[in-house]
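Here the structure is laid out as structure tokens; the discussion comes afterwards.
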2 protein chains.
Amino acid sequence: MPWLTHSTKNELINLICDRIWLAVVQRTLRPGARLKEEELTEIFGTTRARVRQALAILEQDGLVTIYPNRGACIAEPGVEDAQDAFSARLAIEQRLVTRLCRSASPEDIATLRDHIAQERAAHARGDSEAVIRLSGEFHMLIAKLSGAELLLKILRMLTIRTSLITAMYQTQATQTCGPDEHDRIVVAIEARDESQACHEMAHHLEHLESALRLSEAPMPVSALREALHSMAPKGET
Amino acid sequence: MPWLTHSTKNELINLICDRIWLAVVQRTLRPGARLKEEELTEIFGTTRARVRQALAILEQDGLVTIYPNRGACIAEPGVEDAQDAFSARLAIEQRLVTRLCRSASPEDIATLRDHIAQERAAHARGDSEAVIRLSGEFHMLIAKLSGAELLLKILRMLTIRTSLITAMYQTQATQTCGPDEHDRIVVAIEARDESQACHEMAHHLEHLESALRLSEAPMPVSALREALHSMAPKGET
DNA sequence: TTCCCCAAAATTGTTGACAATATCGTTGAC
DNA sequence: GTCAACGATATTGTCAACAATTTTGGGGAA
């Protein structure tokens, strides 16, 4: 479940990273949200040094932005970043499925099908949080099964960005694309049809990207500004 | 010149990262070399905390490996990592040149040609250190000119790995491929011939990769083992 | 009222000392 | 003579107090 694991270093720091990442995925933390160090220390019951390390890692990954001497916020990537991330994902993931077409074992196929079944279940029960999370995990699963550690690391960085973009620009919480497209990719992999798998992957990613292009320009940027929008311009006091 | 710059955060930490990276490129620091914190503090005249931060960043980038409670060493990627890095580079850089074919301004072309001229000069004067460094910088320059911040960051990670691999597995210090292949890529970009540019890039990277496949298995891993190899199995005492 | 300046509060950044852990050399027993 | 356990040393990991910076609030003058 925590697929944001770097190495077996300090477990607490990984926990902090995972929790923040999870909170972003399930929309509890929106892009632009402030992350005060002291707040995090008492939440996780640790010291400020740990929190600081975790934030540094998350900054490297692109999940948070650290403004020197002014604190850390959930990153707010622009449309440019979105397009970069999607095009890079396309390049990386096409290579991943090509690889899987050649090396996939029956167990790998079974694992993928099992994952899609979970997606379908979540979809059926209307658990939109799980749908989003599992949808992302599917792509990470492909990277894991292809056995390329480095490509997985890169894909993680890219997925973080596309997830942030989704959180920022998508109108409705429920993904429009169900697990069907994932299924088609797996079918192509099972058939060892490399070009077909690449084609399906391209189609899938384009679908994902186009789903949020719609609301490109005028969307929520930070929780603060969002709040200001729905409030009267004059406070009480 | 220092093309390993993240953000305008702390200048000293970037300096440390750059210097270590440079030392690796010019073979002063070999893969597997030990990096003691205290040593680095007195070299750079800073505190241990800074050094620690720099090492953490370099670990994220894949340049060093941190063994918990045991210190940091220059990373020693395996052949697997090499192949991953090269295939990912191919995917990313083909996208970059495609992008440049569409967006390159005359100034961009001039910048690239100027860089190649520098490469030629270094080649002519036999400055193998500059040749290696400039050869890497050429690819980063393409990423910079294409204007994709994210792709540049990813390419940096990949270049670090391939450079490490080169340092580990290449037999002779002088690169076999001169700036000619770079020139061909620029020609294709100038002609706006996307497929040709991709083809040239693929050819170039394959050339780079094949240049070190030769000595695949039995090559220096760490300075220690290397020393042991050339020594009699029995110590003196 | 509106603007500017200055002090207080809150937050981040840094430092140095201390604790935990691994490595190395030595001693002692077999 | 060899091996194992132990203590000394060196190195990394952690923490809490201190310093620097930014933000906030209030008072005074135009």
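Each chain gets a letter, A, B and so on, in the order the sequences are listed, and its residues count up from 1. Bear in mind the structure is a predicted one, so any value in this text is a computation, not a measurement. Every heavy atom of this structure was used, including side-chain atoms; hydrogens, water molecules and symmetry mates were not.
Residues meeting the side-chain hydrogen bond (donor to acceptor under 3.5 Å, both in side chains) test with Asp108(B), sequence neighbours left out: Ser105(B). Applying the side-chain hydrogen bond (donor to acceptor under 3.5 Å, both in side chains) test to Glu93(B) and every residue at least two apart in sequence or in another chain returns Arg89(B), His139(B). Applying the ring-ring contact (aromatic ring centres under 6.0 Å, His included) criterion to Phe86(B), with sequence neighbours excluded, gives no partner residue. In this structure, Arg161(B) has no side-chain hydrogen bond (donor to acceptor under 3.5 Å, both in side chains) partners at least two apart in sequence or on a different chain. Listed by chain and number, the residues in a side-chain hydrogen bond (donor to acceptor under 3.5 Å, both in side chains) with Arg34(A) amount to none (sequence neighbours excluded).
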Tabulate protein N/O versus nucleotide N/O from nucleotides 15-22 of chain D, keeping only pairs under 3.5 Å, one per line.
unit_1	atom_1	unit_2	atom_2	d
dC15(D)	OP2	Thr47(A)	OG1	3.0

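When the P atom of dT14(D) is taken as reference, atom CZ of Arg52(A) falls 15 Å away, rounded to whole Å. Atom CD of Glu42(B) is separated from atom P of dT11(D) by 10 Å (rounded to the nearest Å). Across the protein-nucleic acid pair, Arg34(B) atom CZ and dT11(D) atom P stand 7 Å apart, rounded to whole Å. In this structure, Leu35(B) atom CG and dT12(D) atom C1' are separated by 14 Å, rounded to whole Å.
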Could you list the donor-acceptor pairs under 3.5 angstrom formed by side chains in residues 38-48 of chain A, with sequence neighbours left out?
unit_1	atom_1	unit_2	atom_2	d
Thr41(A)	OG1	Glu38(A)	O	2.3
Arg48(A)	NH1	Glu37(A)	OE1	2.6

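For the pair His115(B) and Glu119(B), the minimum side-chain heavy-atom distance is below 4.5 Å.
The span of DNA chain C lying next to chain B, judged by atoms under 4.0 Å from heavy atoms, is bounded 5' to 3' by dT14(C) to dT23(C).
Judged as a side-chain hydrogen bond (donor to acceptor under 3.5 Å, both in side chains), not a single pair has a partner in residues 64-75 of chain B (not counting sequence neighbours).
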